[in-house]
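One structure is given below, encoded as structure tokens.
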Amino acid sequence: MKKDFLDIADLTTDEVRALFESAKDLKARQKRGEPHEYLKGKTLGMVFTKPSTRTRVSFEVGMFQLGGHALYFSPQEIGLGKRESIPDVARVLSRYVDGIMARLFGHEDIVALAEHASVPVINGLTDLLHPCQILGDMLTILESRPSLYNQLKERREGKFDNLIVTFIGDGNNVANSWATMTIKIPFTFRIACPEGYEPDKKIVEQANKSNVGRVEILRDPAQAAKGAHILYTDVWASMGQEAEAEMRRKIFKGYVIDGALMQKAAPDAKFMHCLPAHRGEEVTDEVMESPQSIIFDQAENRLHVQKAIMVKLMGKR
Ligand code: CP
Ligand code: NVA
């Protein structure tokens, strides 16, 4: 049966571990210039109803490096659910391509696409989740904390080195996928957000019921930053929320990662952002450009982790 990747919750902890192993191997091979054409002759259809830089480029380049081909459909094409129904698009594309990556608004739309497609569907972001981002981000954290990576690799029990990832800002798709990751790997995901902007309630409940990691919701950024190993943020208004941008600027004022907040985190803390960033809003220029910032390592790891996902879902089955 074909397998999709719509949500980190779809994966077992063993599968998450195997994806990291595979991503590290693919990354090393690419750096050594070794061919790794596991998807030779295969095509990925990429359906976008929102803009993108990293997701589009990393999937397209990833397919090329794996010996395959990627087709880009911009928000002006296909007209998912308007020009043609989602089930029809799913069935038509399945006759041409070997996998579909989609960036859509409603999460229910990607669920419908996957239900009607006979090829694997990968979530390149919905209003609810951004699972590829958080897989790449976790790989980045593990790379900068080798003891943590070995703990995961060797399946050692315990509270995973007490890792604390603190997110400052909106409980959006990126925050929701972070919360989901605590179901698979034992660490603390702590968010400081204004009231009414928490991550999805069901996801948080599920995460805290799992008893693997935990999700903490706080209001005060300074309190949330205390002792954190990672300070993470994202834009105050996500794609599709442009009309709320002005209002959100007022609501999120103060939910900013600046030099003073970084000082409150652990001494070796890193700064992360899924990008694109709005410098001067959720983060200062100083933090973006500081030696603690690992934002471009994160961006690069999207490529390696997504290649691992595509090999797993679209390779020989
Ligand atoms: N982080 C991320 O998904 O970037 P894009 O929106 O540019 O794809
Ligand atoms: N939360 C942001 C993430 C962009 C990668 C958005 O949905 O626009």
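Counting starts at 1 for both ligands and their atoms, in listed order.
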**Request:** Go through the structure and list residues passing side-chain hydrogen bond (donor to acceptor under 3.5 Å, both in side chains) with T140, not counting sequence neighbours.
**Result:** N301
**Message:** Testing the 3.5 Å rule here: is there a donor-acceptor pair between the side chains of D234 and N172?
**Reply:** yes
**Near-ring test F48/F73, centroid separation under 6.0 angstrom** = no
**Message:** Give the residues near ligand 2 by chain and number, with the criterion being a heavy-atom distance under 4.0 Å.
**Reply:** L125, H130, N172, N173, D234, S238, M239, L275
**Fill in**
Residues at least two apart in sequence or cross-chain that pass side-chain hydrogen bond (donor to acceptor under 3.5 Å, both in side chains) with D127, listed by chain then number, are K50
**Request:** Could you tell me whether the side chains of Y38 and Q65 share a donor-acceptor contact shorter than 3.5 Å?
**Result:** no
**Prompt:** What class does the angle between the rings of Y232 and F167 fall in, given that below 30° is parallel, 30 to 60° is tilted and above 60° is perpendicular?
**Reply:** parallel
**Item:** Pocket residues of ligand 1, ordered first by chain and then by residue number (heavy-atom cut-off under 4.0 Å)
**Value:** S52, T53, R54, T55, R103, H130, Q133, C274, L275, R302
**Prompt:** Is there a donor-acceptor contact under 3.5 Å linking the side chains of R103 and T55?
**Reply:** yes
**Message:** Does any part of the side chain of I257, heavy atoms only, come nearer than 4.5 Å to the side chain of E282, both counted from C-beta?
**Reply:** no
**Request:** Could you label the plane-to-plane angle of the W178 and F189 rings as parallel, tilted or perpendicular, counting under 30° as parallel and over 60° as perpendicular?
**Result:** parallel
